Protein chains: 2
Amino acid sequence: MNNDKKRLLAKVAYLYFIEDYTQAEISKELNIYRTTISRMLKQAKDLGIVSIKINDFDTDLFDLEMTLKEKFQLKNILIIPSYPKESNKSKDQRLSLAAALYLKRIIKPKDIVGFAWGSVLVGMIGQLQNPVKTEATFVPLVGGPSPSNSQYHVNGIVYDAARQFGGKSLFVDAAAVQESKYIRDGIINSQYFSDIRRLWAHLDIAFVGIGGPLTNSASRWRDLLTDEDRVLLRERQAIGDCCCTFFDRHGKILTGSLLDRTIAVPLDNLRQVPNAIGVARSLTKAPSIKALLAMGILNTLITDEETATRILEISSK
Amino acid sequence: MNNDKKRLLAKVAYLYFIEDYTQAEISKELNIYRTTISRMLKQAKDLGIVSIKINDFDTDLFDLEMTLKEKFQLKNILIIPSYPKESNKSKDQRLSLAAALYLKRIIKPKDIVGFAWGSVLVGMIGQLQNPVKTEATFVPLVGGPSPSNSQYHVNGIVYDAARQFGGKSLFVDAAAVQESKYIRDGIINSQYFSDIRRLWAHLDIAFVGIGGPLTNSASRWRDLLTDEDRVLLRERQAIGDCCCTFFDRHGKILTGSLLDRTIAVPLDNLRQVPNAIGVARSLTKAPSIKALLAMGILNTLITDEETATRILEISSK
DNA sequence: CCTAATTTTGCACAAAAGTGCCAATATTTA
DNA sequence: TAAATATTGGCACTTTTGTGCAAAATTAGG
């Protein structure tokens, strides 16, 4: 490539990108055919004569999004940056906010929005700044926690959401895990529950948390499990849960007594939901999140950088 | 400006400028209306989120071109870079080449192209690489030098040009300065000269050199001047010449005996020429070039960086 | 110096981007 | 909380840009 030519390309690029000439103006100015200018500009880019830099933009984060999106066939993904030394509480809070803003962005006037249990979901709604008025319906996707954790009740989430977004909310009056299949079935089939079941079949948006391994003690609802349940889960190598439904590392849902006693939307239902959104973070949950994503139940993931990185690491092995 | 918003703008800019998405694709991807994307991109530029840098581009040189172009109301300008320590011969040669390429770029099939005397013009044509076939007519704009400088005869230039570009050339069979007005008028009005005069009236392109002060001894034709002429030119403060026509620093053409004895296209004729191109360089000629430009006779200048800089310096005083 | 191969142009047409307008939303301010 | 201000959505329309193809120009090889 001759030097004069390079200078000419640079001049064209300068006029176009810096001085905001149109290609036609440059063409006239330099007596070069317009389409040639177009090609020269492309060439100038290719040769690196034009270098474009985007500030305030983390390419790595974006690549991470793209890679995961592709890998798990997601419709959407949102990864927020991780800052070193930040407390877990703060990390959760930022993730909550991101999820809340995401909901605000995608919610439509008459949507049916479900919430399942999840440490991050609890903090979501409170962080929103400006009320958006809708006539949406907010419905729990699972039963509540044990009475001692009532301040974290899933009913609270849907209630807050309805207040914030101006729609209405339904409550569940039952704990997530019941004593027997008989009672569980009784509740599920009860008159009052039929509204919820109907809504579960027509969800537009579902926000679900993702639980990590049993050893993780942060859970607000797992005190509902019996010792027997725990033994079984350990035996069957439960890796995590979603909507109080446990699965193993291969994405196999752990059926049996526990599941039969659980009040929650069936995971398979979520496949039909236009926005089935998982919200979770932390390195210990990464394997669980990965397994769930591989099941193809969710189509959207909201997480943070460190978690996403870990998910990718364990996926490539 | 909120930080999330900034990140969104950055993301849009990234997709557009780096990943070469179309605005429509981004719109679809992010669920944002296409025209909004267009506006976001503009905003991202304005906010400096997108920074575009042109490498291999000398902004100073470009600014110089723009400034001079504006100052002297030129249609076109070409300033080639100056390299320190380069010999004058080499500088002249590069300028010649630039001028030759410029001619090659603007010449059209049936153009009438005139050449006047000028140290740089002589070297022009020889440097062209690939012949371009035209049916152009090449005509001298001035008479020739003294017999002892015949190898630099203006006829040589037009002859070379015609060979190169495939058209025809006309010659002048007279020196630029004659002994008397009587002889000059005789030649000008002669039958053979009428072709040339006709062409002078219909020039499409005129290449003219620009001469510096009399003390500059490099001239190839000034040995035609008599001692008397020189005294007069000094008295009237000639600053330079173009087409063997002298002018002073105010752009006043020095009329009188000398001009009456000179065989050359009248400078005023050049005002009508679509491409009236001055080609000259050197610091000593700068005042002369400046004075000529100020006369508004030329509409294009081809020079080098150091000369252009000097012209600008003496213009701003 | 000529001819074949490759590259560059010019052109018509297709695709993409920008603009002005107004209504609908969203955000900020008082 | 309401009014004021700013932003986005939606649309028709114009301008600008990109592309495939044929012609011209340049380069490379004999």
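Lettering follows sequence order; numbering is per chain, from 1. All values reported here derive from a predicted model rather than from experimental measurement.
- For the pair B:L8 CG and C:dA26 C1', the computed distance is 15 Å after rounding to whole Å.
- In plain terms, the two heavy atoms of A:V154 and A:F115 that are nearest each other are CG2-O, 3.6 Å.
- Closest non-hydrogen pair, A:S38 versus A:Q23, comes out as CB-OE1, 3.2 Å.
- Taking the side chain of B:T36 as heavy atoms from C-beta on, and the options D:dT17, D:dT8, C:dT9, the nearest nucleotide is D:dT8.
- Atom CG of B:D46 and atom P of C:dG18 are 12 Å apart (whole Å).
- Where B:Y33 and A:A24 each meet DNA chain D at their nearest nucleotide, the meeting point lying more 5' is that of B:Y33.
- Looking at heavy atoms from C-beta onward, B:R94 lies in side-chain contact with B:Y83 at the 4.5 angstrom threshold.
- Take B:A44 and apply the side chain to side chain contact (heavy atoms under 4.5 Å, CB included) test, not counting sequence neighbours, and it matches B:L9, B:A13, B:I49, B:V50.
- Rounded to whole angstrom, the span from the CG atom of A:D20 across to the C1' atom of D:dT17 amounts to 15 Å.
- With rounding to whole Å, B:I26 atom CD1 is found 8 Å from C:dA17 atom P.
- Look at B:D304 and B:K91 and you find no salt bridge, because none of the NZ, NE, NH1 or NH2 atoms lies under 4.0 Å from a carboxylate O.
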Do any N or O atoms of the protein come closer than 3.5 Å to N or O atoms of nucleotides 19-22 of chain C, and which pairs are they?
| residue | atom | partner | partner atom | Å |
| --- | --- | --- | --- | --- |
| C:dT19 | OP2 | B:K42 | NZ | 2.9 |
| C:dG20 | O6 | B:R39 | NH2 | 3.3 |
| C:dC21 | N4 | B:R39 | NH2 | 3.2 |

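- Rounded to whole Å, the distance from CG on A:L15 to C1' on D:dT16 is 16 Å.
- Ion pairing between a basic and an acidic side chain is recognised when a charged N comes within 4.0 Å of a carboxylate O; B:E29 and A:K69 show such pairing.
- When the side-chain nitrogen and oxygen atoms of A:Q43 are compared with OP1 and OP2 of C:dT8, none of them lie within a distance under 4.0 Å.
- At a threshold of 4.0 angstrom between heavy atoms, the contacts of B:I32 are confined to the sugar-phosphate backbone, with no base atom among them.
- Separating the OH atom of A:Y21 from the P atom of D:dT17 is a distance of 14 Å, rounded to the nearest angstrom.
- OP1 or OP2 of D:dT17 sits under 4.0 Å from a side-chain N or O of A:Y16.
- Dashed line: the shortest gap from a side-chain N or O of A:Q23 to OP1 or OP2 of D:dT15 is not under 4.0 Å.
- We find that CE of A:M40 is positioned 14 Å from C1' of C:dT7, with the value rounded to whole Å.
- OP1 or OP2 of C:dT27 has at least one side-chain nitrogen or oxygen of A:K104 nearer than 4.0 Å.
- At whole-Å resolution of the value, CD in B:Q164 and P in D:dA25 are 14 Å apart.
- For A:R39, there are no side-chain hydrogen bond (donor to acceptor under 3.5 Å, both in side chains) partners two or more places apart in sequence or in a different chain.
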